[in-house]
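Working notes, beginning with the structure itself.
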Amino acid sequence: MLSAGLNIVGFSWITSPAATELEMIVLDWLAKALNLPDDFHSTGQGGGVIQGTASEAVLVVLLAARDKILRRAGKDALAKLVVYASDQTHSALQKACQIGGINPELCKLLKTDSSTNYALSPDLLHKEISDDSASGLIPFFLCATVGTTSSTAVDPLLALGKIAKSSRMWFHVDAAYAGSACICPEYRHYIDGVEEADSFNMNAHKWFLTNFDCSVLWVKDRNSLIQSLSTNPEYLKNKASQANMVIDYKDWQIPLGRRFRSLKLWMVLRLYGLEGLQNYIHNHIKLADNFEGLVAEDPRFEVVAPRIFSLVCFRLLPPQESEDHGNKLNHDLLDAVNSTGSVFITHTVLSGKFILRFAVGAPLTEERHVDAAWKILQDKASALL
Ligand SMILES: *Cc1c(COP(=O)(O)O)cnc(C)c1O
């Protein structure tokens, strides 16, 4: 309410020094909470910036990476640029490629399966890059995900980062959902290898108690962003900017105007504190863990992917010898459960199987809600079977 009511329009530093300075400070705090390498702090060549969404975050870094490689390889190289990610990567990457003029066939979404729990295989990536380089293409961008949308798969950042480095590619890490959990020491290892990344993104508006919108992006080399996105019209000129003494976040993003979003994050960090936020995450993961236990105890169901954070992927097993009906059965179960109006669960498809997804992520969710949801699932399953 404060952020909206103050109506700050902080596009360049001079229009609201506080909005810019607080954003730098708060994102440095959060970078420390996540134990990101110092290169991502605003005190060096990098820094954090609040974008509206993860989609905008991946777009701006893709543009920065594209222009960086084109400065080296020449403008005509655009049609040869290749982007890599797993087939579990959020469609925001494809959209960024569309906007960025990348040949759609060269946005390579490498196949994953249950053998790696739907994580991107470094060996497969290495082979693709070698083949593409040999045929004259230019690998330039790798997007890894920590906590994929379908099943919260975690790509192995350390191994992928090494490959990106040796191929001189931009390495972006999309941790839109699961990044929040990495403020907890026991989950921080999921982003081990972020040291190798050029950019890292997490949505504070997903699982970090911050109202929409607040998507946090850190980069190691802010100049790459600025070189792609800055403009300098007469009507925005001012002493502070021209003396190069300040950050003008307009050059790190697509729009010019920007809200005072760091105030929301500042409020959350000051109100809950790091420990409060860690407890918040722990509690959700514990609730999801409870739910997973309930599913595992019922022989009519199976958990279909490892539960890592607060999402449980599961399905009702079809009666014997009728695997074909499994998808319809689970589709019907989803509809039956959601039509009660008491609970809302979502679905995905993994390895051709229709899967139900139970996510804990709302501040008011308690154990009794999880138990009640499970009861509804069991009742509807019995009726269907
Ligand atoms: C939610 C999500 C996105 C898209 O988020 P927006 O902020 O709505 O663009 C992208 N990637 C992952 C991994 C997500 O969880």
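Heads up: numbering here begins at 1 and tracks the sequence. Indexing begins at 1, ligand by ligand and atom by atom, following the structure's order.
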>> Can you confirm whether or not the ring centre of Phe291 sits under 6.0 Å from the ring centre of Phe314?
In response: yes
> Should the pair Asp251-Arg222 be classified as a salt bridge under the 4.0 Å nitrogen-to-oxygen rule?
Replying inline: no
> Can a salt bridge be assigned to the pair Asp371 and Lys375 using a cut-off of 4.0 Å between side-chain N and carboxylate O?
Replying inline: no
>> Just by distance, no angles: are the side chains of Ser199 and Trp218 close enough, under 3.5 Å, to form a donor-acceptor pair?
In response: no
> Do you know the tightest heavy-atom contact between Ile129 and Ser167?
Replying inline: CG2-OG, 3.7 Å
> Of the non-hydrogen atoms in Arg307 and Phe309, which two are nearest, and what is the gap between them?
Replying inline: NH1-O, 2.9 Å
Between ligand 1 and the protein, give all atom pairs where both partners are nitrogen or oxygen and the distance is under 3.5 Å, as lines of names plus distance to 0.1 Å.
unit_1, atom_1, unit_2, atom_2, d
ligand 1, 7 (O), Ala54, N, 2.7
ligand 1, 7 (O), Asn203, ND2, 2.9
ligand 1, 9 (O), Ala54, N, 3.4
ligand 1, 9 (O), Ser55, N, 2.9
ligand 1, 9 (O), Ser55, OG, 2.5
ligand 1, 11 (N), Asp174, OD1, 3.4
ligand 1, 11 (N), Asp174, OD2, 2.6
ligand 1, 15 (O), Lys206, NZ, 2.8

